[in-house]
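Input: a single structure, listed below in structure tokens.
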There are 2 protein chains.
Amino acid sequence: MARKTGSHSEITGPRIRAAAEHLFARHGYAAVSMRQIAAEVGVQAGALYLYTPDKQSLLADLMRAHLEGLLAACAALPEAPGPEARLAQFARFHIGYHIERPDAVFIAYMELRNLEPANFAAIEALRRQYEDRLEAILRDGRAAGAFTIPDTKLATLALIAMLTGVTNWYREGGRLGRAEVEAIYADMALKAVGATGIAG
Amino acid sequence: MARKTGSHSEITGPRIRAAAEHLFARHGYAAVSMRQIAAEVGVQAGALYLYTPDKQSLLADLMRAHLEGLLAACAALPEAPGPEARLAQFARFHIGYHIERPDAVFIAYMELRNLEPANFAAIEALRRQYEDRLEAILRDGRAAGAFTIPDTKLATLALIAMLTGVTNWYREGGRLGRAEVEAIYADMALKAVGATGIAG
DNA sequence: GTCTATAGGGTGATAGAC
DNA sequence: GTCTATCACCCTATAGAC
């Protein structure tokens with residue numbers, strides 16, 4: 001792409017997304033105005049429309065980017081040997097990835113109701129893809145006799161809710177470090193599905 | 001209290017709270033206008049201010065009422081014999097109570113950021129009281145050797161997140177009934193804390 | 001690429017008639 | 001107890017100057 005002298009387009013775009021992510025997470029999409037976002041970036045409100053067609057797209061793009069990043073990182077995990085190791089790996093990955101992106105995570109599951117139908121469907125499909133990865137681990141583990149699960153779908157949703165819950169309280173520099181939190185949650189996840197072996 | 005002939009004050013007040021609860025849960029506090037609430041009730045916007053000093057109080061009152069009801073219902077539970085029974089009872093109670101009030105639950109943990117500082121502190125104190133009830137069960141159970149928990153506070157937060165997660169997907173008339181869901185979750189909660197006995 | 005100015009409309013809350 | 005009318009302000013998005 002050709003550079004345009006004196007332009008800031010390559011820096012302003014990311015800064016707008018960062019400001020929007022921060023403000024949406026803190027105050028909520030509906031409570032944040034385009035003027036506030038512009039003020040945080042240091043431009044006037046009209047300038048935002050060079051980078052996004054409207055406020056709704058700004059939200060949808062943030063959520064899509066987050067979920068696509070989550071899926072890509074999850075797909076890049078190395079193969080783990082056996083159901084227990086796979087579940088422990090998933091639990092640690094999920095917590096680590098979410099702890100590092102509290103704003104994006106918050107938005108991704110608090111602002112679903114502010115998405116227009118078409119955007120909602122797209123985001124929901126991505127979320128479900130991710131859910132399916134955990135469900136596959138649980139299903140395989142149950143088939144192999146490694147887990148005791150009355151209902152695979154329910155266990156999937158219960159585990160994701162439990163693991164995602166860390167973002168409600170975890171703070172950098174708090175009583176427990178990231179590694180400890182990952183270990184404790186992975187252990188609880190394994191126990192919750194009645195894992196027989198030891199792989200936490 | 002004296003009745004005023006031709007007045008609707010005893011019916012309009014509750015209807016306003018019900019409409020606000022429904023709309024706040026569906027679209028979010030910031031996205032709902034006083035005019036929308038009034039329209040749902042069937043009055044003009046100005047009439048709302050006979051029942052609430054402002055929009056913020058409407059939100060805070062809904063959240064306080066929900067949490068006070070939750071605490072009262074929790075306190076009214078019969079004594080259960082032993083740590084496993086106590087935890088199973090709590091898990092079933094939590095799920096049952098939350099499943100029956102999806103709107104209030106949604107608001108109570110999605111709209112915290114829209115509370116003014118004084119209201120936030122009051123609501124947060126109630127939430128913490130409830131959390132402490134579960135934490136006491138886990139602490140006692142660990143002391144009695146019935147549970148295996150690396151960190152009591154973490155286990156508390158993990159279990160509450162897991163149990164509250166039901167409200168994200170549970171629908172009346174769905175694949176699983178309330179009793180089944182309660183049983184499955186109570187079982188997972190007991191396993192997650194390494195319960196030794198059987199009381200699910 | 002960013003600015004100022006503005007169109008067109010919605011907002012919370014209040015005043016005064018009935 | 002409710003209505004109509006209104007105040008003062010904020011909103012998203014666009015047009016046109018620079």
Side-chain angles (χ1 to χ4, degrees), chain A residues 1-21 23-24 26-62 107 111 113-119, chain B residues 1-24 26-63 107 111 113-119:
Chain A
M1 295 218 185
R3 302 273 175 84
K4 287 171 194 161
T5 318
S7 119
H8 300 142
S9 78
E10 279 143 23
I11 192 133
T12 303
R15 289 190 60 204
I16 289 172
R17 284 188 288 279
E21 183 168 284
L23 289 169
F24 288 167
R26 201 175 211 74
H27 307 291
Y29 171 77
V32 173
S33 72
M34 295 298 266
R35 280 172 176 81
Q36 280 175 273
I37 298 170
E40 180 119 331
V41 174
V43 298
Q44 293 300 312
L48 299 183
Y49 292 89
L50 294 169
Y51 300 94
T52 180
D54 50 32
K55 192 186 173 189
Q56 167 74 201
S57 302
L58 203 44
L59 174 63
D61 288 348
L62 285 174
I107 292 169
E111 302 296 357
R113 63 187 167 183
N114 286 309
L115 290 173
E116 288 163 5
N119 288 330
Chain B
M1 298 214 185
R3 301 274 176 83
K4 288 172 193 159
T5 318
S7 117
H8 301 140
S9 78
E10 280 144 22
I11 191 132
T12 303
R15 288 190 61 205
I16 288 173
R17 283 188 288 279
E21 182 168 286
H22 182 232
L23 289 169
F24 288 168
R26 203 175 211 73
H27 307 291
Y29 172 77
V32 173
S33 73
M34 294 298 267
R35 282 171 176 81
Q36 279 176 274
I37 298 170
E40 180 118 330
V41 175
V43 298
Q44 292 301 312
L48 299 182
Y49 291 89
L50 294 168
Y51 301 94
T52 181
D54 50 32
K55 191 186 173 188
Q56 168 75 198
S57 303
L58 204 44
L59 175 63
D61 288 349
L62 285 175
M63 292 176 72
I107 292 170
E111 302 294 358
R113 62 188 167 183
N114 285 309
L115 289 174
E116 287 164 6
N119 288 330

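Every value quoted in this text rests on a predicted model; they were computed, and no experiment measured them. Reminder, nothing fancy here: chain letters follow the sequence lines and each chain counts from 1.
For Y49(B), whose side chain is taken as the heavy atoms from C-beta onward, the closest listed nucleotide among dT2(D), dG1(C), dA13(C) is dA13(C). In this structure, of dG12(C), dG1(C), dG1(D), it is dG12(C) that holds the atom nearest to the side chain of S33(B). Residue Q44(A) places its side chain closer to dT4(C) than to any other of dT11(C), dT4(C), dC11(D).
Distance CZ (R15(B)) to C1' (dG1(D)): 14 Å, rounded to an integer number of Å. Rounded to a whole Å, the CG atom of L23(A) is 12 Å from the P atom of dC11(D). For the pair M34(B) CE and dT14(C) C1', the interatomic distance rounds to 12 Å; values are reported in whole Å. Distance K55(A) NZ to dC10(D) C1': 12 Å, rounded to the nearest Å. Taking atom CG of residue L48(B) and atom P of nucleotide dG1(D), one finds them 14 Å apart after rounding to whole Å. Atom CG in D54(A) sits about 9 Å away from atom C1' in dA13(D), given to the nearest Å. For the pair Q36(A) CD and dC11(D) P, the computed distance is 7 Å after rounding to whole Å. Atoms CD1 (I37(B)) and P (dG10(C)) sit 17 Å apart, rounded to a whole Å.
No hydrogens or angles were tested; on distance alone, a donor-acceptor pair under 3.5 Å links the side chain of R35(B) to the base of dG12(C).
One finds no side-chain N or O of T12(B) lying less than 4.0 angstrom from the OP1 or OP2 phosphate oxygen of dG1(D). Side-chain N/O atoms of Y51(B) include none lying less than 4.0 angstrom from OP1 or OP2 on dG1(D).
Between N114(A) and L59(A) there is a side-chain heavy-atom pair separated by less than 4.5 Å. Proximity of R17(A) to Y51(A): side-chain heavy atoms (C-beta onward) are nowhere separated by under 4.5 Å.
Residue V41(B) is classed as having no contact, given no heavy-atom separation below 4.0 Å to the nucleic acid.
If you find the closest nucleotide of DNA chain D to G46(A) and to A31(A), the one lying nearer the 5' end belongs to A31(A).
With E40(A) contributing its side chain and I37(A) its backbone, the two residues share no donor-acceptor pair below 3.5 Å. With hydrogens and angles disregarded, a donor-acceptor distance shorter than 3.5 Å links the side chain of E111(B) to the backbone of Y29(B). When atom types are taken as modelled, the side chain of Q56(B) and the backbone of E116(B) share a donor-acceptor pair closer than 3.5 angstrom.
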